[in-house]
> 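Here it is: the structure, laid out below.
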2 protein chains.
Amino acid sequence: MESWDPYTRGCPSRDLLDQIGSKWAVLMLGELGKHGACRFTQLRQRLAGVSEKMLTQTLRTLERDGLVRRTVYAEVPARVEYELTSLGQTLRAPLRALTEWSVRHIEEVLEARDEYDVRTEGAG
Amino acid sequence: MESWDPYTRGCPSRDLLDQIGSKWAVLMLGELGKHGACRFTQLRQRLAGVSEKMLTQTLRTLERDGLVRRTVYAEVPARVEYELTSLGQTLRAPLRALTEWSVRHIEEVLEARDEYDVRTEGAG
DNA sequence: CAGAATCCCATCTGATACTG
DNA sequence: CAGTATCAGATGGGATTCTG
C-alpha cells in the first residue's frame, strides 16, 4: 500500500477525487444508486439539463473507472442499461451525504451570499 | 422549507453542489478543517500545485458562501488568515469521507482503467 | 434507442507580471 | 505578504447532424 495523497500535485487520487466530484458524475451516480439499472434516455430525463454528449462522456469515464457497468442487449432497437458496480455502490453513501448537505444548507448559503454582496457593495 | 432538488435544472442546490465539489474547494476546505486558521501562503504550500489566482478565487467564493471566514490583521506586512465558519465545519465530515474514498479505492480504479483500456483497444 | 462526430462558444485554469 | 491584472491555452458543455 503506497501513500496516496490528494494534496500532492499529480497524485492519481487527486484526479479521481476531481472526477467523482464533477458536475454530472455526482448526479449520475446518485441516480443510478437510487433507481438501480437505468437506460440512457431514462437517465437523461432524470438529470434535467444534461446533454447527450455529457451523458455519454461521463458515463464512459465512470465505466472506465469501474464504477458503472454498461450492458448492451442485442435487440432492435438497441437497449443499453447502466448500473453501479460493487465499487460504485461504495460511493453512494459519501456522495449522498454531500448531496444532502447541499440541500440542507442551501438557504444558509443563499443568505450568506446576500450578506456578502451587501457588505462588499461599492467598496471592495 | 421549499423543495430544493439538485436533480432539477437551475436549482441553486445543484450549483452549490458543483461549487463545494470543485477541484480546489474540496482540498481547501479539507486543509482548513485539519489545521485551523491558516495564512494565504501556508495554504498555497499545502495545496501543492494551486496557482495564486485559483487560491484567491476559490477562497473568495467560499467566503461569499459563508463557509470560510477571512480575517485581515492591520500589520505590515499584511497578514490574512482563513478559517472555517461553523457552517464550513459541517462540511468537513462529508468532504473527508469523499477524500478518503478516493484514497482507499484509487488502486481498484487504476486497475479498472487498465482492464478497460485493454478491453477496448483497437476495436471500439 | 443509443449513441458518434463535428462545430463552436463559454468558462476554467494556469503562468506571468505588477502593486499596496 | 497577499493579493490584482492580464493573457492564452485547455476543457466543459451545447447544438446539430448522422447512423446501426
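Protein chains get the first letters and strands the later ones, always in sequence-line order, with residue 1 at the start of each.
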> Whole angstroms only, please: what is the CG-P distance between A:L43 and C:dG3?
10 Å
> C:dC12 P sits how many Å from A:D18 CG, rounded?
15 Å
> So does A:C11 get a backbone contact from the side chain of A:T8, meaning a donor-acceptor N/O pair under 3.5 Å?
no
> I need the CZ-C1' distance between A:R60 and C:dA5, as an integer number of Å.
14 Å
> State whether A:R39 places a side-chain N or O below 4.0 Å from either non-bridging phosphate oxygen (OP1 or OP2) of C:dA2.
yes
> Give one of base, sugar-phosphate or nothing for A:R9, where a contact means two heavy atoms less than 4.0 Å apart.
sugar-phosphate
> So A:T71 and A:E83, do their side chains get closer than 4.5 Å, heavy atoms only?
yes
> Using a cut-off of less than 4.0 Å, is there contact between a side-chain N or O of B:Y82 and OP1 or OP2 of D:dC1?
no
> Starting from C1' on C:dT13, measure out to CZ on B:R44 and report it in whole angstrom.
13 Å
> Do A:L27 and B:R14 come close enough that some side-chain heavy atom pair is under 4.5 Å?
yes
> Write down the distance between CG (A:L47) and P (C:dA2), rounded to a whole number of angstrom.
15 Å
> Any chain of hydrophobic side-chain contacts (each under 4.5 Å) joining B:V68 to B:Y73?
no
> Please list, in numerical order, the residues of residues 48-58 of chain B that have a heavy atom closer than 4.0 Å to any atom of DNA chain D.
B:E52, B:K53, B:T56
> Name the residue closer to the 5' end of DNA chain C, choosing between A:L59 and B:W24 according to the nucleotide with the nearest heavy atom.
A:L59
> Is A:R70 touching bases, backbone alone, or none of the nucleic acid, heavy atoms closer than 4.0 Å?
sugar-phosphate
> Nearest whole angstrom, please: distance from the C1' of C:dG20 to the CD of B:E75.
16 Å
> Give a yes-or-no answer on whether the side chains of A:W24 and A:Q57 include a donor-acceptor pair shorter than 3.5 Å.
no
> Could you work out which one of D:dG3, C:dG3, D:dG20 sits closest to the side chain of A:A78?
D:dG20
> Quick one: are B:L98 and A:L91 in side-chain contact, heavy atoms under 4.5 Å?
yes
> Is a side-chain donor or acceptor of A:Q42 paired with a backbone partner of A:R39 at a separation under 3.5 angstrom?
yes
> Given D:dG3, C:dA2, C:dT13, identify the nucleotide with an atom nearest to the side chain of B:K23.
C:dT13
> Which residue lies toward the 5' end of DNA chain D, B:F40 or A:P77, if each is placed at its nearest nucleotide?
B:F40
